[in-house]
Number of protein chains: 2
Amino acid sequence: MSTAATPLYEKVKAHVLKRIRSGEWRPGARVHSEHELVRELNVSRMTANRAMRELVQSGVLSRIAGSGTYVADLRSAGHPLQIRNIAAEIKERGHVHRAQVVSHGRVAVPAEVRAHLKPRGRELFHSLVVHHENGVPLQLEDRYVDPAVAPGYLDLDLSEVTAHEYLMEAAPLERVEHVVRAIVAPARVASHLRLAPGEAALLIERTTWRRGRPASFARRDPAGARFARRGVFAQ
Amino acid sequence: MSTAATPLYEKVKAHVLKRIRSGEWRPGARVHSEHELVRELNVSRMTANRAMRELVQSGVLSRIAGSGTYVADLRSAGHPLQIRNIAAEIKERGHVHRAQVVSHGRVAVPAEVRAHLKPRGRELFHSLVVHHENGVPLQLEDRYVDPAVAPGYLDLDLSEVTAHEYLMEAAPLERVEHVVRAIVAPARVASHLRLAPGEAALLIERTTWRRGRPASFARRDPAGARFARRGVFAQ
DNA sequence: AAGTGGTCTAGACCACTGT
DNA sequence: CAGTGGTCTAGACCACTTT
């Protein structure tokens, strides 16, 4: 019953999607149950189940055990935006990426970082790096790393390896959280990015979790006007 | 063999994740095959398969049919950020959302919009709405809509129905594109959002495709400092 | 030829919902 | 109570890769 270009569960999905797109099943309406799909389409229940589960996962349907499966209301659904690695992005554009290391050492835990990282020790590793695209400063990266998670962080040559690449090897990434906002670039940021006084900048705060706890906190300041590109770039 | 708080396939996932987190299986390494997991954990192959499939879906593993399953290299992978519906977001916080309609009518196609929308006619529908959260202006929405896609747009009461909600009913959403950047709020935006002169604001440009062509273009100006929240909000 | 993932079946038991 | 989704099994056939 297999041997088809498109798998059966995809046909079941298409069958359901068609009825939703045609307006036959409107948001909030109950769709056919798995057993009904089994009878209608001559598939096994596991196949119908997989189709429905994937449609739930993609946000098209929602299910209530014991009750039924309903067409989701996409009106309030979110749309994903990628946060991408800036170095990789610049290279993909065929441009030259250069990382200028401003400082790289140990610091006492700053108060505003304590809200994001709760290190066991009293010190954090810190680095301040300016990323350039074809010689133009594009982003300031202010990163704090828990020594317990990445003890070798100070030995890195950050002009060669991005902190993100190293941290991925030191400990796998479990969770990432981003906060994006707009600010008027403070003097320190403006000077590194050669921004005019009062120029706007995006501020991206990124916290990563590794080994079950927050392991690094980074502030990114991409130059506002130079960043009129698709998506948001960090890492 | 069921009757457990956590499903078996979740246990299989945990089993695999544990070995990855411990460093036993590094990025690029081959992990145990489905049959091996079946023997190790005494589960059926369908259960092992579901576990592995979900780990692929979440980006932890990648599979090559006929060859094996490998630990994915997350180093250059992107991370999603949600672009959410501001009205829904405000309501979820239990706050009051109010949409103040500044203008709502027809306009000749502005030059800077022509880059995003290529309407067949000479006019576009246009609306300018300020979104308030508990009385505080939070976002300015400047939207252009192709009359061919949403002929009823001018009949809407935008203080009751968000444009997004209406457009979802008029024609299904096929594609969305966002450009995010930081700007110093121009005077017009600053006055609507009651921002101080020179204050920074996020600018989100959003183009939606419906019926195979660009159907609406919207500029969103969320107030920068008031928006120190997780994620980016638009729609 | 042996191993791998991709798919599919025809049953099953469970907890829960709704009438 | 019948119906629903959630899970699980023990097989199976297939196309493909690797040795």
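The chains referred to below are lettered A, B, ... by the order of the sequence lines, with proteins before strands, and numbering in each begins at 1. Treat the numbers as computed from the prediction; the structure is a model and nothing was measured.
Checking D:dA10, C:dG5, D:dT7 against every side-chain atom of B:Thr69, the shortest atom distance belongs to C:dG5. For A:Ser67, counting side-chain heavy atoms from C-beta on, the closest listed nucleotide (D:dT7, C:dT17, D:dT4) is C:dT17. Of the listed nucleotides (D:dT18, D:dT9, C:dT7), C:dT7 has the atom at the smallest distance from the side chain of B:Asn49. Closest approach to the A:Pro7 side chain among D:dT4, C:dT7, C:dA10 is made by C:dT7 (side chain taken as heavy atoms from C-beta onward). Comparing D:dG6, D:dT4, D:dC8 by their nearest atom to the side chain of A:Ala65 picks out D:dG6. When distances are taken from the side chain of A:Val43 to each of C:dT4, C:dT9, D:dT9, the shortest belongs to C:dT9. With D:dA10, C:dT9, C:dT4 as the choices, the nucleotide that has an atom nearest any side-chain atom of B:Ser33 turns out to be C:dT4. Side-chain proximity of B:Arg30 to C:dG5, D:dC8, C:dT4: nearest is C:dT4. Considering only the side chain of B:Glu36, C:dT4 comes nearest among D:dT9, C:dT4, D:dC8. Closest contact between the side chain of B:Arg50 and the listed nucleotides C:dG6, D:dT9, D:dT7 involves D:dT7.
Contact between the side-chain N/O atoms of A:Ser44 and the OP1/OP2 oxygens of C:dG11 is not found at any separation under 4.0 Å. Phosphate proximity of D:dG6 to A:Arg63: present, with a side-chain N or O under 4.0 Å from OP1 or OP2.
Taking atom CZ of residue A:Arg39 and atom P of nucleotide C:dT9, one finds them 16 Å apart after rounding to whole Å. Protein atom CG of A:Leu55 is 15 Å distant from nucleotide atom C1' of D:dG5, rounded to whole Å. Across the protein-nucleic acid pair, A:Met46 atom CE and C:dC13 atom P stand 16 Å apart, rounded to whole Å. Straight-line distance from the OH atom of B:Tyr9 to the P atom of C:dC14: 19 Å, rounded to whole Å. One interatomic measurement links the two molecules: CD of B:Glu54 to C1' of C:dG5, which rounds to 16 Å at whole-angstrom precision. For the pair A:His32 NE2 and D:dG3 P, the computed distance is 15 Å after rounding to whole Å. A:Leu61 places its CG atom 15 Å from the P atom of D:dT4, with the value rounded to the nearest Å. As a whole-Å value, the separation of A:Leu8 CG from C:dT9 C1' is 10 Å.
Of the possible polar contacts, none joining the A:Glu54 side chain to the A:Ala51 backbone as a donor-acceptor pair under 3.5 Å is found.
For B:His97 and B:His131, the ring centers are positioned less than 6.0 Å apart.
When all heavy atoms are compared, the tightest approach of A:Ala99 to A:Ser159 is O-CB, 3.5 Å.
Under a 4.0 Å N-O distance rule, the pair A:Asp146/A:Lys118 does not qualify as a salt bridge. A salt bridge does not link A:Arg39 to A:Glu34: none of the charged side-chain nitrogens sits closer than 4.0 Å to a carboxylate oxygen.
Among the atoms of the strands shown, base atoms are found under 4.0 Å from some heavy atom of A:Arg45.
Aromatic ring orientation, B:Tyr153 versus B:Tyr166: tilted (interplanar angle from 30° to 60°).
Place A:Glu10 and B:Gly66 on DNA chain C by their nearest nucleotides, and B:Gly66 ends up nearer the 5' end.
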